[in-house]
Amino acid sequence: VVVASALIEMYAKCENLDEANSVFDSLPQKDVVVWNVLVAAYAQHGKGYLALKCFENMQQHGVLLDQFTYSSILKACGSVGVLEQGAQVHEQIVDAGYQSHVIVQNALVDMYVKCGSLNEACKTFDRVKNRDAVTWNTMIAGYAEHGFAGLAAQYFQEMQANAIRPNEMTFSAILTAFTYTGLVEEGVQYLKDMEVFHGLKPNIVHINCMIDLLGHAGCFYDVEDLLKITSDLD
RNA sequence: GUUUCAUGUCU
């Protein structure tokens with residue numbers, strides 16, 4: 001089973017989900033890890049419905065679910081956008097005693113964000129004791145997506161006050177917040193801060209964010225400058 | 001041996 005789960009994972013990473021599935025089917029005995037690998041494979045490749053189906057099967061087979069199962073299935077709920085189902089999984093998590101597991105909590109916050117429930121996301125976020133960068137990033141991205149640039153910026157400050165360093169994900173999240181609200185100056189400032197104060201080099205995602213930010217505002221001249229700067233980087 | 005977060009296009 002150990003070899004099989006590694007094999008399934010490899011097929012999944014190669015995006016060959018059919019082959020992953022047939023290896024899975026050929027197994028006479030399946031443990032929780034193999035199930036988890038398959039659920040995660042579907043969830044990670046945007047096959048939310050298949051992940052949910054697999055999750056259902058898994059439960060019918062009486063497999064004891066763990067933190068790996070829950071975090072993957074929450075991702076699937078988020079990508080499909082099924083809030084009720086996600087909330088149901090939330091209850092299961094509480095019953096199973098996994099509600100204090102950081103990764104599961106982060107997955108819960110993200111699920112609520114992706115299902116459009118900022119309220120529940122926020123409530124869940126507040127219950128997280130030891131927030132890590134992912135916890136903060138998820139919430140910042142959630143506010144960004146919903147057009148709350150002010151809150152996104154506030155959380156950006158708060159995360160640092162809580163001794164959590166912003167990373168690449170944090171910056172792309174905050175930059176999109178400014179794009180959606182047309183705050184060009186702020187975006188430019190954060191991009192600078194990213195290198196100057198945080199020692200992070202903007203990657204392709206950040207450059208795309210900036211092109212988007214400036215483009216939306218009609219600053220085509222600046223976009224050209226940006227393209228020049230970035231071609232010098234490589 | 002398995003899990004959670006970021007840009008745009010499309011779904």
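What you see is a predicted model; the values in this text were computed from it and never measured. Quick note on labels: first sequence line is chain A, next is B, and so on, each numbered from 1.
Contact between A:G147 and A:T181 at its shortest, heavy atoms only, is O-CG2, 3.5 Å. When all heavy atoms are compared, the tightest approach of A:Y190 to A:Q157 is OH-NE2, 3.7 Å.
A:D212 has its CG atom 10 Å from the P atom of B:U7, to the nearest Å. When the P atom of B:U4 is taken as reference, atom CE of A:M139 falls 20 Å away, rounded to whole Å. Atom C1' of nucleotide B:U2 and atom CD of A:Q44 are separated by 9 Å, given to the nearest angstrom. What separates CG of A:D66 from C1' of B:U4 is a distance of 14 Å, to the nearest Å. Computed from coordinates, the A:L175 CG to B:G8 C1' distance equals 14 Å when rounded to whole Å. The CE-P distance, from A:M159 to B:A6, rounds to 14 Å in whole Å. As rounded to whole Å, 16 Å separates atom P of B:A6 from atom OH of A:Y143. Remark: P of B:G8 and OH of A:Y180 are 4 Å apart, rounded to the nearest angstrom.
Of the candidate nucleotides B:G1, B:C5, B:A6, B:A6 has the atom lying nearest to any side-chain atom of A:H206. Out of B:A6, B:U4, B:G1, the shortest distance to the side chain of A:I103 is found at B:U4. Taking every side-chain heavy atom of A:N208 into account, B:U7 is the closest of B:U2, B:U7, B:U3. Of the candidates B:C5, B:G1, B:A6, the closest approach to any side-chain atom of A:T138 belongs to B:C5.
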What's touching nucleotides 9-11 of chain B from the protein side, N or O pairs under 3.5 Å?
none

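Neither side chain, A:S22 nor A:D25, offers a donor N or O lying under 3.5 Å from an acceptor on the other. A:Q189 and A:E185 are not linked by any side-chain donor-acceptor pair at a separation below 3.5 angstrom, with hydrogens and angles left out of the test.
A distance-only check finds a donor-acceptor pair linking the side chain of A:N203 to the backbone of A:H206 [under 3.5 Å].
Near RNA chain B, meaning a heavy atom under 4.0 Å from it, residues 105-136 of chain A has A:N106, A:A107, A:D110, A:K114, A:V134 in order of number.
A donor-acceptor contact under 3.5 angstrom links the side-chain atoms of A:S71 to the base of B:U3. Scanning atom types as modelled, one donor and one acceptor separated by under 3.5 angstrom connect the side chain of A:D31 and the base of B:G1.
A:I140 and A:L200 fall within the same hydrophobic cluster, defined by Ile, Leu, Val, Met, Phe, Trp and Tyr side-chain heavy atoms under 4.5 Å apart, directly or through other members.
Residue contacts shown for A:E9 are limited to sugar-phosphate atoms, with no base heavy atom under 4.0 Å away.
Taking OG of A:S172 as the reference point, atom CD1 of A:I204 lies at 12.5 Å (rounded to 0.5 Å).
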Table please: side-chain donor-acceptor pairs of residues 81-95 of chain A below 3.5 Å, with sequence neighbours left out.
residue	atom	partner	partner atom	Å
A:H90	ND1	A:Y112	OH	2.7
A:Q92	OE1	A:Q59	NE2	2.9

Please report the C-alpha distance between A:F55 and A:W35 in whole Å, then the side-chain angles of each, then the deciding distance to 0.1 Å, and finally whether the ring pair (Phe, Tyr, Trp, His ring centres under 6.0 Å) criterion is met.
-> CA-CA 8 Å; A:F55 178 67; A:W35 280 100; over 10 Å; no

